[in-house]
Amino acid sequence: MSIEDDKKRFTDIYNQESDSLFRFCLIRVSDREKALDLTQEAFTRLWNSVSLGKEPENPRAFLYVVARHLIIDWYRRTKSISLESLSDERGEDFIILDEKTTFDIEMSLDAKHVLSMLDKLEMQYREVIYFRYVEGFPPKDIAEILNLSANVVSIRISRGMEMLRRLMGISENDHE
Amino acid sequence: MNKKDFKKGIEDIKNIRMTNAEKTHMLKSILSLPIKSPYMEHVSVFTFINSNYVRIAWTVCFIFALTFGGTVYTSGASLPGDLLYPIKTKVVEPVLDIVNNTPIEKVAWEEEKITRRIEEAEALAEDGRLDEKKLKKLEREIEKNSHVFVKVVNIAASSTATSTSSAVEKARDLKQEFRRKINEREEIFNKDENKKDKEEVKREKKTMTADVFEKSGKKDEKSENNLSESRRSKQQEKINKLKNIAIKVLDDEDVFDDKDRNNNGRKERNSNNLEDK
């Protein structure tokens, strides 16, 4: 395969995933420049793999796994708060929806409200709900990103949604 | 919040995007990165440190440092004719010549070098290895070092003194101090030698059986004393010769300084007379 083919495939992935990955980073770090840096770094690593002929089977999962680790590294370097207090026992399900900083991002009131509601959810439900309803990823992809089984993801999605409805005061039959 | 607001909120979040300019710029910069060679293995720093090559390099360095350090250390006690003596005089001392770079340090170091040569001669004399060849060599070294000593003394004196006359005085003091040290060495050496001779006679006395000692008694003691006396005086002569070389260089230099000073004084007086006339 020629380098041009590699570039084309990579550009397709980039066009498809760049916005969502950037959004994922921005919501977590609340700093546009930093989010751009992290997005670029994740795509650079993907490009290195593609150019060496080691393209991952699921480029989307690859990008999000890399981005999550980059965010955790960034937090370790910059934040003085204990990481252990923010991560679960495996230290991987690390999601940041920092209320103070999230609201600095330019977005509508509804969007801010949804994010603040997500922040109230337990850690294990927060990310699956975000990936399922904001990014629209299928449970299989979420499972790969979070290193879980698809079944566990599906269960967490339904339980998480139930909790979210309760928090927001929406009944299942509410169509408004 | 109802379901509609929730959906609207989700849609709003989805609208968070990069601008087209940001997107294009990012893609460009990623694709312009140099492509890594597939043959280039990624080696972490820790892997490199633990690699066999580094271990071998460390071991070689360690062995070299140990051997070289040991050689340098051992060469310090070597004497002319020893295998390590050239390392002492041709490697270690030139390094110390450079290390001692202030005028005062240089004076102390040159003094030390002359003292070392005298000590070497004393040690050789003690072992009975001070032959003419070695003596000549040490003489040459001491003469050379004494000239250097005078030079560095003058530099040190002029660098610390405020006027020319005080510099000359200072240099004279330093030379005088050195002369005194050399003479003191002579006294110490004589005392040591006497002590050693006495100890030797005592030891021999002990080893001799009581009968033999009774018979040969005072006669042996006398002859041994005479022998050691003559040996010591010969050795002392040689050592004194070396010391005198150093002192002679200093004296010659003082005479030369005096002449120089007299000439300068005469010139000054003449010029003053001419001015008066």
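Convention: sequence-line order gives letters A, B, ...; per-chain numbering from 1. All values derive from a computational prediction rather than experimental measurement.
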What part of [X] gets within 4.5 angstrom of chain B, counting heavy atoms only: side chain, backbone, both, or neither?
X        : value
A:Ser20  : neither
A:Leu164 : side chain
A:Phe43  : both

Can a salt bridge be assigned to the pair [X] and [Y] using a cut-off of 4.0 Å between side-chain N and carboxylate O?
X        : Y        : result
B:Glu93  : B:Arg116 : yes
A:Asp19  : B:Lys23  : yes
A:Glu135 : A:Arg23  : yes
B:Glu139 : B:Arg117 : no

query = For the side chain of A:Arg28 and the backbone of A:Phe24, is there at least one donor-acceptor N/O pair under 3.5 Å apart?
reply =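 Yes, the answer is positive, given that a donor and an acceptor are paired below the 3.5 Å cut-off.
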ask   = What residue, out of B:Lys8, B:Glu22, B:Glu11, has the most heavy-atom pairs lying under 4.5 Å from chain A?
value =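 Top count of heavy-atom pairs under 4.5 Å with chain A: B:Glu22.
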inquiry  = Under a 4.5 Å cutoff for heavy-atom pairs, which residue among A:Phe10, A:Phe22, A:Tyr14 has the most contacts with chain B?
reply    =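 Top option by heavy-atom pairs under 4.5 Å: A:Tyr14.
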